[in-house]
Undergrad: 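Sharing a structure here in structure tokens format.
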Amino acid sequence: MNVLILGSGGREHAFAYKIKQSSLCKNLYVAPGNSGTGEIASNLEINVNQFEQIVEAIKNLNISLVVVGPEVPLVNGLTDFIKGSSDLKDIIVIGPNKHAAQLEGSKDFAKDFLNRHNIPTASHKTFTNENIKDAFSYIDEMKSPYVLKADGLAAGKGVLIIKDPNEAKKELEEMLINSKFGDASKSVVIEEFLDGIEVSCFVITDGKNYKLLPSAKDYKRIGEGDTGLNTGGMGAVSPPTFLTKEFMEKVENQVIKPTVEGLKKDNINYQGFIFFGLIKVNEEPYVIEYNVRMGDPESEVVLPRIKSDIMEMFFSVGKGTLKDHKIIIDNNKAATVFLVSGGYPEKYEKNKEIFGLDLVQDSMVFHAGAKYEDGKLKTNGGRVVAVTSKANTIEEALEMSYDSIKKISFEKMNYRKDIGFDL
Ligand code: AMP
Ligand code: GLY
């Protein structure tokens, strides 16, 4: 069967790597892909928001399975668009329809869903510019710090955590009145601050049942010791060592099962991954966000730990037989470290030649912001490549990644030397 992956990051390279291992995949295409996916699959010059071109490619290339990497096309209704096209209603799309994707596309929708199904989450209220005065009163009633969230998608930048109430009110005005995040901040969720450790949990669902995938922790800040600006993710480990069996049972019973059941009760048909952004407060899980896709860089540690055939898993999602699918997880632990362009996440230069990837033997290198130009591999983004290793322990896996990194270089290369420091 022919498969199409949509996206261009390390996550999509990790998907391509995993799908290529399956004998069920005949031809693999990635749109638009990157230098890494181009080495193991055929890249198509189509971006993830060109719905017409995507459907044309699906028909011309006889694609039977589409795996959607990022959230934006899902929130914009790509799955509905593909399935609504003539002759494509039976195609398997891993990624939910537009209605279901609101779980990520609207924080207010997600909060309503969480509350309706009694799933633990921070208390909140949602405001628009029409009731901004009520929002100010709400801030006056709350304890610092204040968590302000743009309702819509804002490329990971729409959440502000502010200590001073007056500054919180000023930022709220920026969001609601001066469109700080465009249409995404026409509505703002203000919620209680939760103090705890964050963890990412993942399932795949066919809409009836779900399978638990490995959990992960990502390191979002640019600086060591979790300091400095937020990034797309500087590294990740799987599983996070603080995830005890008892805690995971709570996650399944209090969060995952009520979510899948809640989707059914609400008649929301969902096929794809659900990413639970959780925070652990006094041994209790709270949902801070849903994502309707896999995480990046979490995919670079989660997918390599899936031992069973990922294509069989996708088939069973398509057929609605996920209940009978047996997913096998590697006992090995995994760690990934992102090499980034100097200056990222602020201004940085591109087009630096990358050396030494061919010397890496004990790690997998997933490309993100990299491209081939005149036969040379060059940097093409902030996050350049993710170096993943697997071993008996997270410590060993990290040591292997850091050893591999010694062989890789490009001008102004930067990375965090302390991934996993807190475990
Ligand atoms: P989100 O986009 O909802 O995942 O929020 C981005 C980041 O803000 C999260 O990864 C958390 O670090 C932080 N955050 C979001 N909501 C809360 C909250 N209620 N309490 C504390 N931190 C939060
Ligand atoms: N690593 C967080 C995300 O993919 O949104």
Side-chain angles (χ1 to χ4, degrees), residues 9-11 13-14 17 36 156 196-202 213-243 275 277-280 291 294-305 330-346 348 354 356-357 359-370 379 381-410 412-423:
R11 168 180 54 207
H13 190 186
Y17 156 86
I197 310 181
E198 282 181 55
V199 55
S200 307
C201 292
F202 303 94
L213 303 173
S215 304
K217 174 172 165 60
D218 77 340
Y219 292 81
K220 289 200 177 91
R221 302 294 197 90
I222 185 71
E224 271 138 36
D226 286 340
T227 54
L229 294 174
N230 257 323
T231 69
M234 296 294 288
V237 298
S238 173
T241 40
F242 55 82
L243 274 197
F275 168 162
L278 304 178
I279 194 156
K280 178 174 160 228
N291 295 312
M294 282 299 293
D296 192 349
E298 288 96 331
S299 297
E300 289 91 309
V301 286
V302 169
L303 299 178
R305 292 189 62 223
D330 201 331
N331 277 331
N332 273 333
K333 318 286 189 283
T336 198
V337 179
F338 244 109
L339 305 184
V340 306
S341 299
Y344 172 81
E346 295 181 278
Y348 59 86
I354 304 167
L357 293 194
L359 303 175
V360 173
Q361 279 171 341
D362 300 328
S363 307
M364 296 161 259
V365 180
F366 296 118
H367 297 205
T379 65
R383 295 193 301 161
V384 178
V385 293
V387 182
T388 297
S389 310
K390 288 201 295 181
N392 276 325
T393 64
I394 300 269
E395 290 75 16
E396 281 172 70
L398 282 164
E399 210 175 292
M400 285 163 73
S401 283
Y402 283 119
D403 275 344
S404 297
I405 287 170
K406 286 184 195 144
K407 300 175 178 162
I408 308 172
S409 64
F410 54 86
K412 300 197 179 143
M413 179 174 109
N414 182 31
Y415 61 95
R416 266 181 69 169
K417 282 119 198 131
D418 71 338
I419 299 302
F421 77 100
D422 52 339
L423 297 176

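Heavy atoms only: backbone and side chains are in, while hydrogens, waters and symmetry mates are out. Bear in mind that the values here come from a model prediction, so they are computed numbers and not experimental data.
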Undergrad: Do Asn414 side-chain atoms and Val340 backbone N/O form a donor-acceptor pair below 3.5 Å?
TA: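 No, the answer is negative, given that no donor and acceptor are paired below the 3.5 Å cut-off.
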
Undergrad: How close do Gly235 and Pro297 get, heavy atom to heavy atom, and via which atoms?
TA: O-CG, 3.6 Å

Undergrad: Run Tyr219 and Asp422 through side chain to side chain donor-acceptor pair (under 3.5 Å) and show every step you take.
TA: CA-CA 10 Å; Tyr219 292 81; Asp422 52 339; 2.7 Å; yes

Undergrad: Search all heavy atoms of Tyr344 against all heavy atoms of Gly382 and return the closest pair with its distance.
TA: CD1-CA, 3.4 Å

Undergrad: Please answer whether the main-chain N or O of Lys220 pairs with a side-chain N or O of Thr231 as donor and acceptor at a distance below 3.5 Å.
TA: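 Here the side-chain-to-backbone pair exists.
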
Undergrad: For Ile197 and Ile279: C-alpha separation, side-chain torsions, deciding distance, then whether side chain to side chain contact (heavy atoms under 4.5 Å, CB included) applies.
TA: CA-CA 5 Å; Ile197 310 181; Ile279 194 156; over 6 Å; no

Undergrad: Taking atom NZ of Lys280 and atom CG of Leu243, what is their separation to the nearest 0.5 Å?
TA: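 So the NZ of Lys280 and the CG of Leu243 are separated by 7.5 Å.
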
Undergrad: Without swapping roles, check the side chain of Arg383 against the backbone of Met234 for a donor-acceptor pair under 3.5 Å.
TA: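 No, the answer is negative, given that no donor and acceptor are paired below the 3.5 Å cut-off.
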
Undergrad: Compare every heavy atom of Cys201 with every heavy atom of Leu278, then report the nearest pair and how far apart it is.
TA: CD1-SG, 3.7 Å

Undergrad: Given 3.5 Å as the limit, does a donor-acceptor pair link the side chain of Thr379 with the main chain of Gly369, or not?
TA: no

Undergrad: Test Val237 against every option in Val301, Asp218, Leu423 by the side chain to side chain contact (heavy atoms under 4.5 Å, CB included) rule and name the one that passes.
TA: Leu423

Undergrad: Looking at OH of Tyr17 and OG of Ser299, how far apart are the two atoms once the value is rounded to the nearest 0.5 Å?
TA: 13.5 Å

Undergrad: Measure the spacing between OH of Tyr402 and OG of Ser363 and express it to the nearest 0.5 Å.
TA: 11.5 Å

Undergrad: What are the two closest non-hydrogen atoms of Met364 and Pro304, and how far apart are they?
TA: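 For Met364 and Pro304, the tightest heavy-atom pair comes out as CE-CB, 4.0 Å.
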
Undergrad: Write down the atom of Ile354, the atom of Ala370, and the distance for their closest heavy-atom approach.
TA: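 Of all heavy-atom pairs spanning Ile354 and Ala370, the closest is CD1-CB, 4.0 Å.
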
Undergrad: Please check: side-chain N/O of Glu298 versus main-chain N/O of Asp296, any donor-acceptor pairing under 3.5 Å?
TA: yes

Undergrad: Does any N or O in the side chain of Ser401 come within less than 3.5 Å of the main-chain N or O of Val387, such that one atom is a donor and the other an acceptor?
TA: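 At least one qualifying donor-acceptor pair exists.
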
Undergrad: Would you check if the side chain of Thr227 reaches a backbone N or O of Glu224 as a donor-acceptor pair within less than 3.5 Å?
TA: yes

Undergrad: For Glu399, look at atom CD and say whether over 12 heavy atoms of other residues, nucleotides or ligands are found less than 6.0 Å away.
TA: no

Undergrad: How long is the straight-line distance from CG of Asp403 back to CG of Asp362, given to the nearest 0.5 Å?
TA: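 That separation rounds to 8.0 Å.
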
Undergrad: Okay, side chain of Thr393, backbone of Glu396: is any donor-acceptor separation there less than 3.5 Å?
TA: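 Yes, because the side chain of Thr393 sits within donor-acceptor range (under 3.5 Å) of the backbone of Glu396.
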
Undergrad: Any sub-3.5 Å donor-acceptor pair from Arg11's side-chain atoms to Met294's backbone N or O?
TA: yes

Undergrad: To the nearest 0.5 Å, tell me how far Asn291 CG sits from Phe275 CZ.
TA: 4.5 Å

Undergrad: With side chain to side chain contact (heavy atoms under 4.5 Å, CB included) as the criterion, how do Lys217 and Thr241 come out once you've worked through the C-alpha distance, each side chain's angles and the decisive distance to 0.1 Å?
TA: CA-CA 9 Å; Lys217 174 172 165 60; Thr241 40; over 6 Å; no

Undergrad: Shortest non-hydrogen contact from Asp418 to Gly225?
TA: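 Nearest heavy atoms, Asp418 then Gly225: OD2-N, 2.6 Å.
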
Undergrad: Can a donor-acceptor pair be found, under 3.5 Å and without considering hydrogens, that links the side chain of Ser238 to the backbone of Ala216?
TA: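 No.
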
Undergrad: Is it true that the NZ or CZ of Lys417 lies under 6.0 Å from the centre of Tyr415's six-membered ring and within 45 degrees of the ring axis?
TA: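 Yes, a cation-pi geometry holds between Lys417 and Tyr415.
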
Undergrad: Begin with the C-alpha distance, continue with both residues' side-chain angles, and end with the deciding distance and a verdict on side chain to side chain contact (heavy atoms under 4.5 Å, CB included) for Arg221 and Asn230.
TA: CA-CA 4 Å; Arg221 302 294 197 90; Asn230 257 323; 3.7 Å; yes

Undergrad: Decide side chain to side chain contact (heavy atoms under 4.5 Å, CB included) for Ile419 and Phe338; before the verdict, give the C-alpha distance in whole Å, the side-chain angles of both, and the deciding distance to 0.1 Å.
TA: CA-CA 10 Å; Ile419 299 302; Phe338 244 109; over 6 Å; no

Undergrad: Kindly indicate whether the side chain of Ser341, heavy atoms from C-beta on, has any atom under 4.5 Å from the side chain of Lys412.
TA: no

Undergrad: Do the side chains of Met413 and Ile405 get nearer than 4.5 Å, heavy atoms only?
TA: yes

